[in-house]
Participant: 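Below are the structure tokens for one structure; questions will follow.
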Amino acid sequence: MSITLDVSRSTAASLVRVGGRFMTGDQLATAARAQLIPTTGLYFRGRIGAVGEVPSPVATSLLGIFPHWLVERIWAETAAFPAAAAVSAYAGACTSWGAEALSGLERADQVVEVAEKVIDRAESTALPLFAGWRAAHRPAAGPGRAGYALMLLRELRGGLHFAALRAAGLDIPIAVIGDPTGGLPRLRQTDWRPEEIEQLQRRASTVPDFQRRWNAAEETTSVAFAGCLAVLTETELTELAELIIEADRISVNT
């Protein structure tokens, strides 16, 4: 476990960044324009579409970090956009981003081989977004599929993190406050209103050992993700760690 846990910890930040970088990329905006919907509409509908047609309260719970009124508004604005079309457009944007941003990654096919070994063998119970995206059609080999595989790994780790936070007694919105890479700027970035942020802060202040719980959940996530990585050999673990960090580095400006 020590090697897998080291890799899980050391790649966490890079995986979150590179696996989600397409979500704010030009490719998603282009795909949204082609569908005649806002970029945010494609992000929400596309990401959630992997679990099918669901009402806005379910989407809010799956996304976790966004206020319910924002999801409700987007659901109303994009009511005619079917989940299957949203998934196709969202996945296409992810693949297009990977094809461009990871074109300089010499071992892109190795990212796919090693990452998908983890993805395909992971236990998906209580990880609906990961399970939905794992079951979706995957693109052809190459940098585009490498980007897609990194997105899947991010959904896997993200689902484990949400589960760990809830087990630690933290619901997702207040947990953002304890995240050193999130905090109040993240809440503002995800459209929480000032009065809502104040309410979340008050709730967080009533949770005993709030920061300790957040830190414990982060470590639980690393341990759980390390368990998923245990299907890899030591050589593959080292390779995956190097590739995640390299993919994050070369894609930073895309």
Participant: Is there a side-chain contact (heavy atoms from CB on, under 4.5 Å) between Phe66 and Asp191? Walk through the geometry before answering.
Facilitator: CA-CA 7 Å; Phe66 295 93; Asp191 285 339; 5.9 Å; no
Participant: In terms of side-chain geometry, is the basic nitrogen of Arg134 or Glu155 positioned less than 4.0 Å from the acidic oxygen of its partner?
Facilitator: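 Salt bridge absent between Arg134 and Glu155.
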Participant: Side chains of Leu156 and Val118, heavy atoms from C-beta outward: is any pair under 4.5 Å?
Facilitator: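 Yes, close enough: below the 4.5 Å cut-off.
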Participant: Please determine whether a side-chain nitrogen of the Lys or Arg among Arg107 and Glu242 lies less than 4.0 Å from a carboxylate oxygen of the Asp or Glu.
Facilitator: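 Salt bridge between Arg107 and Glu242, a charged N being under 4.0 Å from a carboxylate O: yes.
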Participant: How many angstroms lie between CD1 in Ile74 and OG1 in Thr60, if you round to the nearest 0.5 Å?
Facilitator: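 If we round to the nearest 0.5 Å, Ile74:CD1 and Thr60:OG1 are 9.5 Å apart.
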Participant: For residues Ser205 and Arg202, is any side-chain donor paired with an opposing acceptor at under 3.5 Å?
Facilitator: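 Checked: Ser205/Arg202 side chains show no N/O donor-acceptor pair below 3.5 Å.
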Participant: Using modelled atom types only, decide if a donor and an acceptor are shared between the side chain of Trp97 and the backbone of Thr24 within a distance under 3.5 Å.
Facilitator: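 Side chain of Trp97 to backbone of Thr24, a donor-acceptor pair under 3.5 Å: no, none is there.
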Participant: When rounded to the nearest 0.5 angstrom, what is the spacing between CG in Leu243 and CG in Leu105?
Facilitator: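 Leu243 CG to Leu105 CG: 6.0 Å, rounded to 0.5 Å.
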Participant: Check whether any side-chain heavy atom of Val18 sits under 4.5 Å from a side-chain heavy atom of Ile245, and report yes or no.
Facilitator: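 No, their side chains stay 4.5 Å or more apart.
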Participant: Asp248 vs Leu15, test: side-chain contact (heavy atoms from CB on, under 4.5 Å). Steps then yes/no.
Facilitator: CA-CA 7 Å; Asp248 181 31; Leu15 178 58; over 6 Å; no
Participant: Is the closest basic N to carboxylate O distance between Arg145 and Asp109 below 4.0 Å?
Facilitator: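 Salt bridge flag = no for Asp109 with Arg145.
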Participant: Using the side-chain contact (heavy atoms from CB on, under 4.5 Å) rule, take Val87 and Trp133 through it: C-alpha gap first, then chi angles, then the decisive distance, then the call.
Facilitator: CA-CA 9 Å; Val87 166; Trp133 277 107; 3.7 Å; yes
Participant: Taking C-beta and beyond as the side chain, do Met23 and Tyr90 meet within less than 4.5 Å on heavy atoms?
Facilitator: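 Result yes, sub-4.5 Å side-chain heavy-atom pair found.
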Participant: Within 45° of the ring axis of Trp75 and under 6.0 Å from its six-membered ring centre, is that where the NZ or CZ of Arg45 lies?
Facilitator: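 Because its charged atom sits under 6.0 Å from the ring centre and within 45° of the axis, Arg45 does stack over Trp75.
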Participant: With a 4.5 Å limit on heavy-atom distance, are the side chains of Phe130 and Leu160 in contact?
Facilitator: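 Answer no - side chains too far apart.
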Participant: Tell me the closest heavy-atom pair linking Thr39 and Ala29, and the distance in Å.
Facilitator: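 For Thr39 versus Ala29, the nearest heavy atoms are OG1-CA, 3.4 Å.
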Participant: Side chains of Ile37 and Glu77: closer than 4.5 Å at any heavy-atom pair?
Facilitator: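 No - every pair of side-chain heavy atoms lies 4.5 Å or more apart.
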Participant: Quick one, Arg157 with Ser222, criterion side-chain hydrogen bond (donor to acceptor under 3.5 Å, both in side chains). Give me CA distance, side-chain angles, the key distance, then yes/no.
Facilitator: CA-CA 8 Å; Arg157 187 178 182 103; Ser222 292; 2.9 Å; yes
Participant: Applying the 4.5 Å side-chain criterion to the ILVMFWY set and letting contacts propagate, would Val71 and Trp69 be lumped into a single cluster?
Facilitator: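 Linked within one cluster.
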Participant: Would Arg33 and Thr30 satisfy side-chain hydrogen bond (donor to acceptor under 3.5 Å, both in side chains), going step by step from the backbone distance to the final call?
Facilitator: CA-CA 5 Å; Arg33 284 194 297 272; Thr30 299; 3.2 Å; yes
Participant: Under 3.5 Å, side chain of Ser8 to main-chain N/O of Thr4, donor-acceptor pair present?
Facilitator: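 Between the backbone of Thr4 and the side chain of Ser8 there is no qualifying donor-acceptor contact (under 3.5 Å).
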Participant: Between Ser88 and Ala85, is there a donor-acceptor pair closer than 3.5 Å when you use the side chain of the first and the backbone of the second?
Facilitator: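 The answer is no, because no donor-acceptor pair under 3.5 Å joins these two groups.
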Participant: Give a yes or no on whether the backbone of Thr11 and the side-chain of Ser14 come within a donor-acceptor separation of less than 3.5 Å.
Facilitator: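 No, because the side chain of Ser14 does not come within donor-acceptor range (under 3.5 Å) of the backbone of Thr11.
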Participant: Taking all heavy atoms of Thr78 and all of Gly41, pick out the closest pair and write down the distance.
Facilitator: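 That closest heavy-atom pairing would be CG2-CA, 4.1 Å.
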Participant: Crowded around Glu234 CD? As in, over 12 foreign heavy atoms under 6.0 Å?
Facilitator: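 Open.
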Participant: Counting distance only, does the side-chain N/O of Ser124 pair as donor-acceptor with the main-chain N or O of Leu127 below 3.5 Å?
Facilitator: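 Here the side-chain-to-backbone pair does not exist.
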Participant: From Gln27 CD over to Thr95 OG1, what is the distance, rounded to the nearest 0.5 angstrom?
Facilitator: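 Output value for this atom pair is 10.5 Å.
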Participant: Taking Pro82's backbone N and O only, do any of them form a donor-acceptor pair with Glu53's side chain (distance below 3.5 Å, no angle check)?
Facilitator: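 Answer holds: no.
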Participant: Measuring from atom CG of Leu184 to atom CD1 of Ile197, what distance do you get when rounded to the nearest 0.5 angstrom?
Facilitator: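 Result: 6.5 Å between the selected atoms.
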Participant: With rounding to the nearest 0.5 angstrom, report the CD to CG distance, Glu218 to Leu165.
Facilitator: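 So the gap between those two atoms works out to 8.0 Å.
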Participant: If hydrophobic clusters are built by linking Ile, Leu, Val, Met, Phe, Trp and Tyr wherever their side-chain heavy atoms come under 4.5 Å apart, do Leu153 and Val112 end up in the same one?
Facilitator: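 Shared cluster, no.
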Participant: Between Tyr148 and Phe22, is the gap from one ring center to the other below 6.0 Å?
Facilitator: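 Not under 6.0 Å, so no.
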Participant: Take Gln110 and Leu240 through the side-chain contact (heavy atoms from CB on, under 4.5 Å) test and state the conclusion after the steps.
Facilitator: CA-CA 8 Å; Gln110 194 61 20; Leu240 181 61; over 6 Å; no
Participant: Taking the side chain as everything from C-beta on, heavy atoms only, tell me whether Leu170 gets closer than 4.5 Å to Phe210.
Facilitator: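 Touching, per the 4.5 Å side-chain cut-off.
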Participant: With distance as the sole criterion, is a donor-acceptor pair present between the side chains of Arg17 and Ser251 under 3.5 Å?
Facilitator: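 Looking only at side-chain atoms, Ser251 and Arg17 do not form any donor-acceptor pair under 3.5 Å.
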Participant: Are there over 12 heavy-atom neighbours, none belonging to Asp26, within less than 6.0 Å of that residue's CG?
Facilitator: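 12 or below, so no.
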Participant: With a 4.5 Å cut-off on side-chain heavy-atom distances among I, L, V, M, F, W and Y, is there a chain of contacts connecting Leu5 to Val16?
Facilitator: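 No, because Leu5 and Val16 fall into different hydrophobic clusters, even though each may have its own neighbours under 4.5 Å.
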Participant: For the pair His161 and Trp214, name the ring-plane relationship: parallel under 30°, tilted 30 to 60°, perpendicular over 60°.
Facilitator: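 Correct class here is perpendicular.
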